[in-house]
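Chain naming here is simple, since letters A, B, ... match the order of the sequence lines and numbering starts at 1 in each.
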2 protein chains.
Amino acid sequence: MTRKPVIEDVALGLFASEGFEGASLGRIADAVGIRKPSIYAHFRSKEDLFLSVFRRTLRRKKRQIFQFAQDGAGLPFEEMLFGLTERLMDDYESDAETRFLLRMCYFPPTSLHDKVMGMVNPFFRQAERELTRMLGQPENAGRLHPGGAQEAAIAYVTVVDGVLAEAIYGSRRTAARRLSAVWPVYCRGVLAKH
Amino acid sequence: MTRKPVIEDVALGLFASEGFEGASLGRIADAVGIRKPSIYAHFRSKEDLFLSVFRRTLRRKKRQIFQFAQDGAGLPFEEMLFGLTERLMDDYESDAETRFLLRMCYFPPTSLHDKVMGMVNPFFRQAERELTRMLGQPENAGRLHPGGAQEAAIAYVTVVDGVLAEAIYGSRRTAARRLSAVWPVYCRGVLAKH
DNA sequence: TTTAACCTAACGACCGTTAGTTTGTTTTTG
DNA sequence: CAAAAACAAACTAACGGTCGTTAGGTTAAA
């Protein structure tokens, strides 16, 4: 019975709350209930542990978001996008994976900056592209302001990041306040006047 | 001729790029051109150095933003707010103080979390309150959507954080792309249809 | 009998910090 | 006005602790 996944879970939590440099292998090992050098039975280095955790977490988050979009495919786009923002906001409070991912996208370990961004940026680009494509579908494009699908897509990810920012340095409560203020503004801004 | 301000400047730069835990007193001293213990002639501890830098930086940034708002008091509010967003975005690239402040508002040193947030949160609250007040002035309130001044103010800070987020994990270029997409959406969302 | 997962012991490097000293400039005093 | 005292800002040396990491041994399952 290997503790590799336990190490990853504990490391995830500590990386999320203390950062890469702030979370030491000693504290990780303590929390797992093993000795520090035992970590090296599973990972070549601290950086290797981090990258392993990061890859796993990014993969899962991709799937979750894709799944959420698929489940809401029948809904009007603004309902589905609102739900997604709400979900991400709630996840930041309840889910260490989301906190980890967000923190490390903003401020990755200096030595791993390029490697991390090389994984994250394609994901962001793809997400924005697929969102643009979805908003460009006939049933949505007709309801959009002439500004177009791409403008609405970029504005959306900006709004999401703005709400998540408040979830980071504020709280779920204040982030929810932001969401309920910005969402009507966003909708009026992207929907065509009828 | 004391090197205290030099120490603060160098620490600011390293804290901004490597984080509090990632920036060591040894490296700071090296960059200043003094020995590590000499720092203790000016600061009681690393935390003390950090707090000193943080206070100074927050004070300056407050003044800058207040000044910017005052200078643009004659303009239509959406022009002044666009300019402010642009300014903050540019500052993130060119000004280490802005990078430091933003990073430490998101993820302050764990042990100083409450102290830092105790300084930052009042500032954010005041900024939002004054923005709401400004948008509520007769010459602006009449041009606003019935949603109201407070909604427009909260939506604005959300947009700013969204643009700055892209400045952090992307670049000035991609952040500018966001700004030019989100701004028309924001304006349509907060202005009354004529 | 090999292999995987842990262990203990210990490494050198660096961490933040303290003690005590030197040096050069102010400030006070005879 | 010159000597003395005080002070500020640097220094060297070194502290105990923690960092990530390696070597090598034990144990139990395959």
K.L.:
Quick check on C:dC7: is either OP1 or OP2 less than 4.0 Å from any side-chain nitrogen or oxygen of A:Ser38?
P.N.:
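So the side-chain polar atoms of A:Ser38 do come within 4.0 Å of the phosphate oxygens OP1 or OP2 of C:dC7, strictly under.
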K.L.:
Distance check needed: C:dT18 C1' versus B:Lys46 NZ, whole Å only.
P.N.:
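After rounding, the gap between these two atoms is 18 Å.
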K.L.:
Which part of the nucleic acid does A:Lys4 contact within heavy-atom distance under 4.0 Å: base, sugar-phosphate only, or nothing?
P.N.:
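Contact class for A:Lys4: none.
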K.L.:
What's the closest nucleotide to the side chain of A:Leu25 if the choices are C:dC6, C:dG16, D:dG20?
P.N.:
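Nearest nucleotide to the side chain: D:dG20.
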K.L.:
Looking only at side-chain atoms of A:Ile34, point me to the closest of C:dC7, D:dG20, C:dT18.
P.N.:
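Comparing C:dC7, D:dG20, C:dT18 against the side chain of A:Ile34, the answer is C:dC7.
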K.L.:
Does B:Ser24 make a side-chain N or O approach to OP1 or OP2 of C:dC14 shorter than 4.0 Å?
P.N.:
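No.
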K.L.:
Nearest-Å distance, CG (A:Asp48) to C1' (D:dT21)?
P.N.:
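Interatomic distance, CG of A:Asp48 to C1' of D:dT21: 13 Å.
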K.L.:
Donor-acceptor pair, distance only, cut-off 3.5 Å: does the side chain of A:Asn140 make one with the backbone of A:Met134?
P.N.:
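Pair found, side chain donor or acceptor close to backbone of A:Met134.
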K.L.:
To the nearest Å, how far apart are A:Arg44 CZ and D:dT22 P?
P.N.:
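A:Arg44 atom CZ is separated from D:dT22 atom P by 11 Å.
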K.L.:
Does the Lys NZ or Arg CZ of B:Lys61 fall within the cation-pi geometry relative to B:Phe100 - under 6.0 Å from the ring centre and within 45° of the axis?
P.N.:
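Negative - B:Lys61 is either too far from the ring of B:Phe100 or too far off its axis.
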K.L.:
Taking only Lys NZ, Arg NE, NH1 and NH2, and the carboxylate oxygens of Asp or Glu, determine whether A:Arg56 and A:Asp9 approach each other closer than 4.0 Å.
P.N.:
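Result for this pair is yes, salt bridge flagged.
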K.L.:
Can you tell me the distance, in whole Å, between the CZ atom of A:Phe43 and the P atom of C:dC6?
P.N.:
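From A:Phe43 CZ to C:dC6 P: 11 Å.
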K.L.:
Could you state the atom-to-atom distance from CD of B:Glu47 to C1' of C:dT17 in whole Å?
P.N.:
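Taking atom C1' of C:dT17 as the reference, CD of B:Glu47 is at 13 Å.
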K.L.:
B:Glu18 CD to C:dC15 C1': how many Å, rounded?
P.N.:
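It is 15 Å, rounded to the nearest whole Å.
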K.L.:
If you pin A:Pro37 and A:Arg27 to their nearest nucleotides in DNA chain D, which one's is more 5'?
P.N.:
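Here A:Arg27 is the residue nearer the 5' end.
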K.L.:
Is the phosphate of C:dA5, meaning OP1 or OP2, less than 4.0 Å from a side-chain N or O of A:Arg3?
P.N.:
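A:Arg3 to C:dA5 OP1/OP2: no side-chain N or O under 4.0 Å.
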K.L.:
Take atom CZ in A:Phe66; do more than 12 heavy atoms of anything else shown fall under 6.0 Å from it?
P.N.:
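No, because the 6.0 Å sphere around CZ of A:Phe66 holds 12 heavy atoms or fewer from other groups.
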K.L.:
Measure from CD1 on A:Ile39 to P on D:dT21 and round the result to the nearest Å.
P.N.:
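Taking atom P of D:dT21 as the reference, CD1 of A:Ile39 is at 10 Å.
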K.L.:
Report yes if a side-chain nitrogen or oxygen of B:Arg35 is closer than 4.0 Å to either non-bridging phosphate oxygen (OP1 or OP2) of D:dA10; otherwise report no.
P.N.:
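No, outside the criterion.
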K.L.:
Could you tell me how the ring of A:Tyr169 sits relative to the ring of B:Phe124: parallel (under 30°), tilted (30 to 60°) or perpendicular (over 60°)?
P.N.:
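Taking B:Phe124 first and then A:Tyr169, their aromatic rings sit tilted (interplane angle of 30° to 60°).
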K.L.:
Give the rounded distance in Å between these two atoms: CD of B:Glu21 and P of D:dC19.
P.N.:
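Rounded to whole Å, this separation is 12 Å.
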K.L.:
Reading DNA chain C from 5' onward, which residue's closest nucleotide shows up sooner: A:Lys36 or A:His42?
P.N.:
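Mapping each residue to its closest nucleotide by heavy atoms, the 5'-most match is A:His42.
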